[in-house]
Amino acid sequence: MQDNTLWWRGGVIYQIYPRSFMDANGDGIGDLAGITDKLDYVASLGVDGIWLSPFFTSPMLDFGYDVSDYRDVDPMFGTLDDFKALLAKAHSLGLKVMIDQVISHTSDQHPWFQESRADRHNAKADWYVWADPKPDGTPPNNWLSIFGGAAWTFDSRRRQYYLHNFLTSQPDLNFHHPEVRQAQLDNMRFWLELGVDGFRLDTVNFYFHDAKLRDNPPVPAGEAKTLGAPDANPYTWQRHVYDLSRPENLDFLRDLRALMDEFPGTTTVGEIGDDEPLARMAEYTAGGDKLHMAYTFDLLNTPRSAAYLREVLERFQRLAGDAWPCWALSNHDVVRSATRWGADEDPVAYPKATLAMLFSLRGSVCLYQGEELGLMEAEVPFERIQDPYGKVLWPEFKGRDGCRTPLPWSDAENGGFTVPGVEPWLPVEARQLPLAVSRQQDDPASLLSATRRLLAFRRAHPALVDGDLQLVDVGDDLLGFVRETDDERLLCVINLTGQARETRLPMAVQAPLEGHGFTHERDGDTLRLPPYQAAWFAL
């Protein structure tokens with residue numbers, strides 16, 4: 001019998017952005033009761049669990065990633081009892097529940113910060129990162145905020161600057177302080193004792209800063225910039241040596257793992273935005289004593305050729321050791337993959353091929369809500385933009401609202417997301433209505449049906465869930481690799497282009513596998529893949 005405590009290893013986790021999933025109370029904003037109502041749909045996909053983006057008490061200046069109470073539900077999403085009902089329903093359907101934890105920073109409305117900023121001598125005076133100005137009154141160093149401008153804001157009460165890697169209203173906690181580390185571990189214990197199955201850790205490499213506050217160096221001319229921010233953002237002009245990914249973080253991750261190990265079957269997945277993301281992923285997940293898994297922005301960016309994908313996989317394997325990745329093509333922070341990668345491709349066949357690739361990689365998978373429908377990035381007019389990130393960098397970067405618009409459940413008014421006559425918090429994208437769940441639900445040719453087939457196919461083949469991966473040469477335009485366990489060896493070949501491609505099979509194969517919904521032609525050891533098709537063979 002399979003050890004269910006390892007459900008996450010090779011598991012598929014469906015990401016839910018609560019504001020935009022389903023509105024049960026008719027106020028135009030998604031809520032926990034709406035998620036509970038739609039969990040049968042999520043379970044029908046064949047995923048292993050869900051990850052909920054933040055639903056905690058918050059002033060919502062960064063839509064929940066600015067927490068003012070780590071142990072309660074914001075009233076716009078419901079109550080703690082609503083969360084308990086969601087948890088019980090999910091577990092009854094066999095779904096694990098992971099929740100976001102945003103512990104590197106709080107809202108400036110959090111009682112901790114209110115106390116800390118009052119003066120330099122209170123009990124929480126050192127719970128945040130405070131520093132004196134330079135003699136000329138300027139900030140302590142050159143660190144930049146991801147959301148634009150300096151990462152420091154002056155506070156007149158303390159006559160000091162405080163650090164914020166994001167909005168000025170998101171002050172960074174001082175993880176060098178042992179009481180801060182313990183307080184955040186205690187907050188996570190609260191949710192573990194309620195029964196959650198794990199955490200997605202926001203900005204997991206941002207917890208510690210350089211205690212000496214040294215300046216970051218510039219990116220040398222001609223060298224690659226970080227993938228963790230848009231190219232138009234000056235944040236990408238620095239090498240982030242001192243403001244994140246500090247070595248002290250490893251000891252905290254070990255303390256976190258010790259907490260998780262008290263609750264068998266729970267797991268962690270960390271978000272890593274770093275200059276060397278795959279190396280950091282390997283460092284943070286290797287050894288079995290830190291994170292269970294992590295994801296980076298390597299597949300959440302614009303490069304998408306077979307050569308690029310091979311390079312990512314080669315680099316990860318070179319660095320990884322026993323590290324375990326979690327791969328994603330879309331999430332709440334990036335342009336949806338159907339647009340970012342597939343704008344010039346077939347709108348149904350191309351997303352289907354990318355999901356075939358994603359579900360065949362070695363590692364776990366995060367599937368973002370609407371990805372199973374092939375939703376394109378929504379166009380949100382400037383006057384409806386909610387994301388503070390987009391308001392600062394518009395129009396070169398339009399923010400993250402385009403991937404956060406409400407999920408279309410039907411082609412009725414508001415996509416069935418909320419009641420007729422109510423304006424949703426972000427507009428429903430009219431181009432997405434023909435892709436609504438109700439339109440795809442019973443169509444065997446739809447991407448939704450293909451997603452269910454592919455997930456069932458993945459579950460039926462242990463090598464796809466937990467096998468090793470070895471890249472094989474199938475030509476420049478195709479992606480090929482072998483997945484292998486002790487009991488099963490499979491060859492996967494995927495054509496992500498809009499042209500038919502031909503290759504010689506790199507090894508002797510047995511019969512092709514069935515049940516995935518893709519087609520190919522074979523003549524001896526020559527494999528021909530039509531556009532956007534894939535083949536799997538037993539070895």
Side-chain angles (χ1 to χ4, degrees), residues 58-59 61-62 65-68 70 101-181 183-184 201-218 226 228-229 233-249 252 271-275 280 388-389 392:
S58 166
L61 296 180
D62 191 24
Y65 286 90
D66 48 334
V67 179
S68 57
Y70 283 100
Q101 289 290 281
V102 190
I103 65 172
S104 68
H105 54 267
T106 70
S107 164
D108 62 1
Q109 302 304 305
H110 196 292
W112 294 349
F113 188 70
Q114 295 293 307
E115 183 176 351
S116 184
R117 79 188 314 181
D119 57 61
R120 299 190 187 193
H121 308 292
N122 63 79
K124 291 186 171 56
D126 298 326
W127 276 42
Y128 291 81
V129 184
W130 294 97
D132 291 330
K134 289 180 178 177
D136 63 358
T138 56
N141 61 27
N142 70 347
W143 296 353
L144 295 173
S145 162
I146 289 182
F147 284 177
W152 298 94
T153 290
F154 188 74
D155 184 90
S156 59
R157 275 158 285 195
R158 290 185 49 142
R159 300 175 70 83
Q160 287 182 305
Y161 283 92
Y162 66 86
L163 177 68
H164 53 88
N165 278 295
F166 300 94
L167 296 175
T168 58
S169 57
Q170 292 171 298
D172 272 63
L173 284 159
N174 177 17
F175 267 71
H176 291 282
H177 198 310
E179 291 179 7
V180 169
R181 299 194 299 272
Q184 292 294 42
L201 298 160
D202 187 65
T203 59
V204 73
N205 56 318
F206 279 66
Y207 297 161
F208 283 84
H209 65 286
D210 174 48
K212 296 180 181 178
L213 301 182
R214 287 170 281 190
D215 281 352
N216 281 329
T226 179
N233 189 341
Y235 183 86
T236 64
W237 301 357
Q238 293 184 357
R239 278 276 175 261
H240 294 278
V241 178
Y242 295 116
D243 52 345
L244 50 86
S245 299
R246 301 300 298 160
E248 300 94 329
N249 209 30
F252 176 73
E271 174 199 34
I272 294 176
D274 187 82
D275 296 347
R280 200 66 58 219
Y389 200 178
V392 169

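Everything numeric in this text was worked out from a predicted model, so none of it was measured. For the single chain, residues carry numbers from 1 onward in sequence order.
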S.K.: With a distance cut-off below 6.0 Å to the six-membered ring centre and an angular limit of 45° from the axis, does R120 pair with W130 as a cation-pi contact?
M.R.: no

S.K.: Examine F175 together with F252 and report whether their ring centres are nearer than 6.0 Å.
M.R.: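 Yes, they do, as the ring centres are separated by less than 6.0 Å.
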
S.K.: Could you tell me the separation between the NE2 atom of H177 and the NZ atom of K124, rounded to the nearest 0.5 Å?
M.R.: 9.0 Å

S.K.: For a quick test of reading the model, state the closest non-hydrogen atom pair linking A125 to S116 and the distance between them.
M.R.: O-OG, 3.4 Å

S.K.: Spell out, as yes or no, whether a donor-acceptor pair under 3.5 Å connects the side chain of N249 to the backbone of V204.
M.R.: yes

S.K.: Salt bridge check, R157 against D155: does any charged N sit closer than 4.0 Å to a carboxylate O?
M.R.: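 Salt bridge between D155 and R157, a charged N being under 4.0 Å from a carboxylate O: yes.
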
S.K.: Are L244 and D274 close enough that some pair of their side-chain heavy atoms sits under 4.5 Å apart?
M.R.: yes

S.K.: When the ring centroid of H240 is compared with that of Y235, is the distance short of 6.0 Å?
M.R.: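 That pair passes the under 6.0 Å test.
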
S.K.: Quick one, L163 and W152 - any side-chain contact, counting heavy atoms below 4.5 Å?
M.R.: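 SC-SC contact between L163 and W152 confirmed.
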
S.K.: Is a side-chain N or O of D108 found less than 3.5 angstrom from the main chain of P171, in a donor-acceptor match?
M.R.: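 Judged by distance alone, no pair lies under 3.5 Å.
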
S.K.: Does any non-hydrogen side-chain atom of D66 lie less than 4.5 Å from one of L167?
M.R.: no

S.K.: Could you tell me whether the side chain of N205 and the main chain of I272 form a donor-acceptor pair under 3.5 Å?
M.R.: no

S.K.: Would you call the rings of H110 and Y70 parallel, tilted or perpendicular, where under 30° means parallel and over 60° means perpendicular?
M.R.: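 Rings of H110 and Y70: tilted, as their planes differ by 30° to 60°.
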
S.K.: When you check the gap from the basic side-chain N to the acidic O, do D119 and R158 get nearer than 4.0 Å?
M.R.: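 No.
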
S.K.: Measure centre to centre between the rings of F154 and Y162, then say whether the value is under 6.0 Å.
M.R.: no

S.K.: Answer with yes or no after comparing the ring centroid distance for H176 and F208 against a 6.0 Å cut-off, counting only values under it.
M.R.: yes

S.K.: Go through the steps to decide whether D126 and N174 satisfy the test side chain to side chain donor-acceptor pair (under 3.5 Å), and finish with yes or no.
M.R.: CA-CA 7 Å; D126 298 326; N174 177 17; over 6 Å; no

S.K.: Using modelled atom types and a 3.5 Å cut-off, is there a donor and acceptor pairing between side-chain atoms of Q109 and backbone atoms of P59?
M.R.: no

S.K.: Is there a donor-acceptor contact under 3.5 Å from the side chain of Q238 to the main chain of P218?
M.R.: no

S.K.: Using atom types as modelled and distance alone, determine if a side-chain donor or acceptor of N142 lies under 3.5 Å from a backbone N or O of N216.
M.R.: yes

